[in-house]
Amino acid sequence: MSKKRAASPRRTDDLPAPADRRRFRTSLLAWYGRHGRDLPWRRTDDPYHVLVSEIMLQQTQVDRVLPKYDEWLQRYPSLSALARAPEEQVVKAWYPLGYNIRPRRLHAIAREAVASYGGELPSDEATLRSFKGIGAYTAGAIRSFAFRQRAAIVDTNVARVLFRVFVGTGDPKRHAVKQRLWRISEALVPRRHVFDFNQALMDFGAMVCVARKPRCLVCPLSRICRAYPFDADGQ
DNA sequence: GTCCAGGTTA
DNA sequence: TAACCTGGAC
């Protein structure tokens, strides 16, 4: 009796109502305009630059990626430049970001792009996902940031924001919940401002709707948030 | 000193 | 569901 859920495979009633979607988009973009961070990979839509930043950001926080991002692009300014480099040198250049499978996979992506895709990064979901190292989040990030497609993203920050605002209770780690968060994110992405909207989601999770002590007092979304007021000292 | 974050893969 | 790395928080 632990599992009792309605057997409706594809519900739409648990998606945010249109009015709440509009409030969410408007409030978030307004917040981003005032408080969003100015990060180097937000000043470009070059697919290679986006790829590098997203692979670096996969398991590494912004502050540690910042210096390495610039250094990397100077050393390997293009997919073909990276493809030409010896793998072990590429791995050394990655230090100290850690998780060294990432530079090997980034390198392999560059070589495959040169070998099979005319030196360009493919833009479609299926091909992106076919690369080792590009999962659901990174594919969405590349599609929205480099190719301006209306693609959703869910990383840890985004998941926390959407869970609190639109779900509120339950176990965020459950597979069904994660799937629901993806559907919510897809429902929220605006047709315009995809780039800014997705960047704003992540900034908001990193700066306001943080894991430990969310800043509900200054949160522009508290009015529609199911988790508000979040009790940081609850346990 | 211990714990934790953080996508993707096998 | 654990393994992968490193630095920062506690």
Side-chain angles (χ1 to χ4, degrees), chain A residues 2-3 37 39 41-42 47-72 82 87-113 121-122 124-146 149 151-164 171-186 189 198-215 230 232-235:
Chain A
S2 55
K3 296 187 178 182
R37 292 174 290 188
L39 302 172
W41 45 88
R42 291 179 176 171
Y48 171 64
H49 294 195
V50 172
L51 173 71
V52 169
S53 68
E54 291 303 335
I55 300 282
M56 286 183 173
L57 289 164
Q58 271 175 3
Q59 299 105 332
T60 309
Q61 276 135 354
V62 166
D63 290 346
R64 295 182 52 220
V65 167
L66 277 171
K68 183 58 72 176
Y69 173 77
D70 285 331
E71 180 192 316
W72 189 272
L82 178 57
E87 181 176 1
E88 291 314 311
Q89 180 203 97
V90 169
V91 173
K92 281 179 185 159
W94 189 259
Y95 186 84
L97 295 182
Y99 290 100
N100 296 329
I101 192 67
R102 293 185 294 167
R104 297 185 195 279
R105 287 176 172 156
L106 177 58
H107 187 239
I109 292 169
R111 292 205 160 166
E112 196 171 340
L121 194 65
D124 67 285
E125 162 95 18
T127 311
L128 287 171
R129 290 290 300 271
S130 75
F131 292 107
K132 298 283 190 237
I134 299 185
Y137 162 76
T138 307
I142 291 171
R143 289 175 61 211
S144 62
F145 299 144
Q149 296 173 26
I153 55 165
V154 177
D155 69 353
T156 307
N157 281 317
V158 175
R160 186 176 53 251
V161 172
L162 298 183
F163 179 81
R164 284 178 178 160
D171 179 5
K173 294 182 175 166
R174 281 189 53 209
H175 181 64
V177 175
K178 288 182 186 166
Q179 286 196 312
R180 183 174 165 196
L181 294 177
W182 270 99
R183 286 199 292 124
I184 292 173
S185 187
E186 285 160 6
V189 198
N198 280 347
Q199 295 285 1
L201 267 180
M202 295 193 286
D203 254 13
F204 190 77
M207 299 169 71
V208 176
C209 199
V210 296
R212 298 189 203 143
K213 295 184 178 177
R215 316 200 203 307
F230 186 88
D233 300 320
Q235 31 255 349

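Chain letters run A, B, ... following the sequence lines, proteins first, then strands; residues in each count from 1.
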At under 4.0 Å between heavy atoms, what does [X] touch on the DNA or RNA strands: base, sugar-phosphate, or nothing?
{"X": "A:Gln59", "result": "base"}
{"X": "A:Asp155", "result": "sugar-phosphate"}
{"X": "A:Arg105", "result": "sugar-phosphate"}

### Query
Is any NZ, NE, NH1 or NH2 atom of the basic residue among A:Glu186 and A:Arg183 found under 4.0 Å from an Asp or Glu carboxylate oxygen of the other?
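No.
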Hey, does [Y] have a side-chain heavy atom less than 4.5 Å from the side chain of [X]?
{"X": "A:Ile55", "Y": "A:Gln58", "result": "yes"}
{"X": "A:Tyr137", "Y": "A:Val158", "result": "no"}
{"X": "A:Ile184", "Y": "A:Val154", "result": "no"}
{"X": "A:Leu106", "Y": "A:Leu51", "result": "yes"}

Quickly work out the [X] [atom1] to [N] [atom2] distance and round it to whole Å.
{"X": "A:Arg102", "N": "C:dC5", "atom1": "CZ", "atom2": "P", "result": "10 Å"}
{"X": "A:Leu66", "N": "C:dG7", "atom1": "CG", "atom2": "P", "result": "16 Å"}
{"X": "A:Arg212", "N": "C:dG8", "atom1": "CZ", "atom2": "C1'", "result": "9 Å"}
{"X": "A:Arg160", "N": "B:dC4", "atom1": "CZ", "atom2": "C1'", "result": "13 Å"}
{"X": "A:Tyr95", "N": "C:dT6", "atom1": "OH", "atom2": "C1'", "result": "8 Å"}
{"X": "A:Leu97", "N": "C:dG8", "atom1": "CG", "atom2": "P", "result": "12 Å"}
{"X": "A:Leu181", "N": "B:dG7", "atom1": "CG", "atom2": "P", "result": "13 Å"}
{"X": "A:His175", "N": "B:dT8", "atom1": "NE2", "atom2": "P", "result": "15 Å"}

### Query
Can you tell which of B:dG6, C:dG7, B:dT8 lies closest to the side chain of A:Pro96?
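Between B:dG6, C:dG7, B:dT8, the one nearest the side chain of A:Pro96 would be C:dG7.
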#### Entry: Residue from A:Leu97, A:Val62, A:Leu39, A:Val52 passing side-chain contact (heavy atoms from CB on, under 4.5 Å) with A:Tyr69
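For A:Tyr69, the side-chain contact (heavy atoms from CB on, under 4.5 Å) test succeeds with only one of A:Leu97, A:Val62, A:Leu39, A:Val52, which is A:Val52.
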### Task
Applying side-chain contact (heavy atoms from CB on, under 4.5 Å) between A:Ile153 and each of A:Glu54, A:Arg143, A:Met202, report the one that passes.
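Among the candidates, only A:Met202 passes.
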### Query
Which of residues 131-144 of chain A sit near DNA chain C, with a heavy atom under 4.0 Å from it?
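Heavy-atom contacts with DNA chain C come from no residue of residues 131-144 of chain A; none.
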### Any A:Arg64 side-chain N or O less than 4.0 Å from OP1/OP2 of B:dA5
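Indeed not, no polar side-chain atom of A:Arg64 lies that close.
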### Query
A:Thr156 side chain N/O closer than 4.0 Å to the phosphate oxygens (OP1, OP2) of B:dG7?
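Answer yes for this pair, as a side-chain N or O of A:Thr156 is under 4.0 Å from OP1 or OP2.
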### Query
Taking the nucleotide of DNA chain C with the closest heavy atom to each, which residue, A:Gln61 or A:Tyr99, is nearer the 5' end?
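Closest to the 5' end, via its nearest nucleotide, is A:Tyr99.
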